[in-house]
Amino acid sequence: MKRFASGLLVWALGLGLALGLPGSAWKGAAPPTFPWAALGPAVLAVGALALLAPWLAWRGGPGLATRRSLALLEAPPDLLWAGLLLALWPAAWGPPGTSAWLLAFLVASLPGEVRWLAQAMPAEHPFPQAWGRLAVQQVRRTVLLRLWGRWLAARLPIWLTATLVLERVLGIPGLGTDWMTRVAGRDRAGLAVWVLLLALLWAASQRWERESA
Amino acid sequence: MRNLLLTLCVLFAPLLAQAQVVEESLPRDPGPLNFIQGDSYEQWILQSLAGDALVGIRADGRVVPRLATAWMVQKDGTITFTLRPDARYTDGSQVTAEDVAWTLQELRRDPKASPTKRAILDGAEVGIEQGRPWIRTPKPAGRLLLELARIPIAQKGHPERGSGPFSFRKEPGAWVFLRREHFLKPRIDGIRFRLLPDQASVMTALQKGWLSIGAPAPRRQNEVPATHRLVTQPMHAQLVVWSRQGVGPLQWLERWRKDAFPPQLLGQNARPSRGLWPETLGFEVQTIEAGTPVPKGTGAFQLLYGAGEESIEKLLLALRERARRDGFDLQLTPLEQGLLAERLQKGEFQLACSAVVFDPHPWAVLEYLEPKGPMNFTGWKQPRLAALVARIQQPGDLAWRDLQLLWGQSPAALPILDFQSVIWVAKQLQVEPSPLGLYLSTPGAAGWRWNK
């Protein structure tokens, strides 16, 4: 309960910062409209990440946390992946669209997220490895199901913000850009709604995390 | 064989048709097309394509007919418009005086309406007489006409529907405009805008042939690909420095701006300003006539500026070096744009600079002078101002010169750079450059054509 209260306090501080953001817009520009069209691709991208990362972690187990190749893939920022995709995209195909953006998003985010999940998994040697493959998979499944909510709540805000780079480079309107536009236009109410939504997600993840009796 | 050719023609016909669509980019999401609430540079572009104002502004700055074929100015400043009979909305219905009155009244009534348009219609009365719309405001008719060119008319009850030369269709990640039957007789099939906020991505898209028009990065303007050509347009935009330290620092800046900026640093995007107000708005070059000599001695000035624009930062560094030669320490302090705007509005600065885009008429400079002007950050006032402003009726009036002389005696702001827009345009595409940009003048994009 104490941890929940301190978490709430942090979110309240975030809300206060959003509402009290200093500065003002040049000549009182109107706040931007919400990019509803970006919601579908964002849900698709986050949904794909939310399913693929745990699945890969389930397949690879905690050993992925120390896999050097994964760490190498995690190192480059999403700017590099977006730039690379744009540079290599054949001119004759026309500009890359949402599917290319989704691909760049997954390439940029998956290695890091898989490693995040793998690091949080308990060691498997000697047990449950000694009990056989089925037991290992059962343990991984249980662990990942417990981790899933907390992982999503912790990482979603980061990835929604990070998509800003991909959106800018690939020219796909998205939710990350919406953040930046609201900060630039000093739309304090809009930012507060964002913070509230993310706080709700966090609060919900705290419920999922509770031990069952 | 003939059948095969016919089949190929049918198959490739959509591709051929698509080739006639101009591919463009937008730096920011303009939001949904809305003639009442939409208010951003990108939204103005959308509205200029999908809508018609009562009057238009030609590339040379003159007012020309658009929805109205004629207008009559009465002694009390009331302007009565005669609407053209062949103007129609996308649903086929005719543009009527009721639509004009509704649009103007809705802009005044709706609290979420575009602040720019609301400011234009401040104190306006609107009505219909004998089937003709009329408008009266405290502003001179010459100014009102130029400002009305920025208010496209929407269909009554449909703020998203205009009568412009192109019909609008929103596609995922793109804003598409297609040619329609219109009195301006557009000659290109359409324009497709994609969102490309990153300048490096615009460069890549231009070089890969995905864009017909685009602004290259300042450093690479001259590397024009074989498919494009370089087009420069003057802009009603300047980099302006405000002073709360009196006219002294501005007198020094007036001297430094002449030789501070090396041509290779300026590129084609900017050139040193020469006067006090934009020459593109028709003002003659005027120097500061403070009646006092340039203050002597050394000193330090703190200059606030908006962080993030690399080219501006380099130019300001050059200005700092020039100031150093005269024994002055110009302390450059970058601030995030929103924080800079707040410091300007609160008057918490010694010197502060920002890029300013002026409305396309000379009255735009009154924002510096009027007591509640949005650019009067220093509380500048002069008892003779009201009388002088009252004498101004038209853009070329002599009173403008007197007003500029008055400002020149104790200016609160000085432009140091005049901006130009530099773009790459596909070689086959014929466009008409203007200080308003490619879209906002009349006929704007309706006058473009593909060279055979």
Side-chain angles (χ1 to χ4, degrees), chain A residues 21-41 44 79 82-102 104 164-178 180-188 191, chain B residues 18 23 25-32 34 37-43 112-116 119 170-175 192-205 207-211 306 308 335-346 354-357 367 374-375:
Chain A
L21 188 70
S24 50
W26 180 257
K27 291 191 182 180
T33 46
F34 184 77
W36 292 106
L39 209 55
L44 190 69
L79 172 67
L84 201 66
L85 183 94
L86 198 63
L88 297 178
W89 196 263
W93 291 6
T98 310
S99 48
W101 170 78
L102 182 64
L164 169 69
V165 177
L166 291 173
E167 289 155 10
R168 281 182 67 83
V169 175
L170 298 177
I172 310 285
L175 300 181
T177 309
D178 186 67
M180 195 186 75
T181 320
R182 283 178 204 286
V183 172
R186 294 301 189 271
D187 175 23
R188 295 175 181 87
L191 277 175
Chain B
Q18 218 171 32
E23 298 286 346
S25 67
L26 291 170
R28 275 183 299 265
D29 186 340
N34 189 315
Q37 295 181 357
D39 190 38
S40 64
Y41 177 68
E42 293 73 24
Q43 182 73 215
K112 285 185 177 173
S114 151
T116 316
K170 180 75 184 79
E171 288 181 0
W175 291 261
R192 183 202 316 274
F193 292 94
R194 291 177 57 233
L195 188 70
L196 272 182
D198 187 71
Q199 205 169 36
S201 305
V202 173
M203 282 296 287
T204 309
Q207 282 161 340
K208 292 205 173 197
W210 297 336
L211 291 180
L335 277 180
E336 190 270 340
Q337 287 292 349
L339 296 177
L340 176 66
E342 189 175 61
R343 294 280 290 270
L344 281 165
Q345 284 156 9
K346 287 184 176 171
S354 177
V356 172
V357 181
E367 292 190 355
M375 292 202 297

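As the structure is a computational prediction, the values presented were derived from the model and not from experiment. All chains are named by letter (A, B, ...) in the order of the sequence lines, taking the proteins before the strands, and each is independently numbered beginning at 1. Below, each value reflects all heavy atoms present in this structure, side chains not excepted, and no hydrogens, waters or symmetry copies.
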Quick check on [X] against chain A: is it the side chain, the backbone, both or neither that has a heavy atom closer than 4.5 Å?
| X | value |
| --- | --- |
| Ser40(B) | neither |
| Gln207(B) | neither |
| Pro32(B) | both |
| Leu26(B) | neither |

How close do [X] and [Y] get, counting heavy atoms only, and between which atoms?
| X | Y | answer |
| --- | --- | --- |
| Leu196(B) | Val169(A) | CD2-O, 4.0 Å |
| Arg186(A) | Gly338(B) | NH2-CA, 3.4 Å |
| Asp29(B) | Pro35(A) | OD2-CB, 4.1 Å |
| Pro197(B) | Gly171(A) | CD-CA, 4.4 Å |

Exercise. Quickly, which of Glu342(B), Arg343(B), Gln345(B) forms a side-chain hydrogen bond (donor to acceptor under 3.5 Å, both in side chains) with Ser24(A)? Name it, please.
Key: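 Of Glu342(B), Arg343(B), Gln345(B), side-chain hydrogen bond (donor to acceptor under 3.5 Å, both in side chains) with Ser24(A) is met by Gln345(B) alone.
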Measuring from [X]:[atom1] to [Y]:[atom2], what's the distance to the nearest 0.5 Å?
| X | Y | atom1 | atom2 | value |
| --- | --- | --- | --- | --- |
| Asp198(B) | Glu167(A) | CG | CD | 12.5 Å |
| Thr177(A) | Leu195(B) | OG1 | CG | 7.0 Å |
| Leu339(B) | Leu21(A) | CG | CG | 8.0 Å |
| Leu86(A) | Met203(B) | CG | CE | 12.0 Å |

Quiz item: Relative to chain B, which of Gly23(A), Pro22(A), Pro90(A), Ala92(A) shows the most heavy atom pairs under 4.5 Å?
Solution: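 Of the options given, most contacts go to Gly23(A).
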Self-check item: Top contributor to chain A interface from Lys170(B), Lys346(B), Lys112(B), Arg194(B) [non-hydrogen pairs under 4.5 Å]
Solution: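 Answer, by heavy-atom pair count under 4.5 Å with chain A: Arg194(B).
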Quiz item: Is there a donor-acceptor pair under 3.5 Å between the side chain of Lys208(B) and the backbone N or O of Ala87(A)?
Solution: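 A pair under 3.5 Å: yes.
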Self-check item: Residue part contacting chain B, namely of Trp36(A), when any heavy atom lies under 4.5 Å
Solution: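 For Trp36(A), there is no contact with chain B at all, as no heavy atom is under 4.5 Å.
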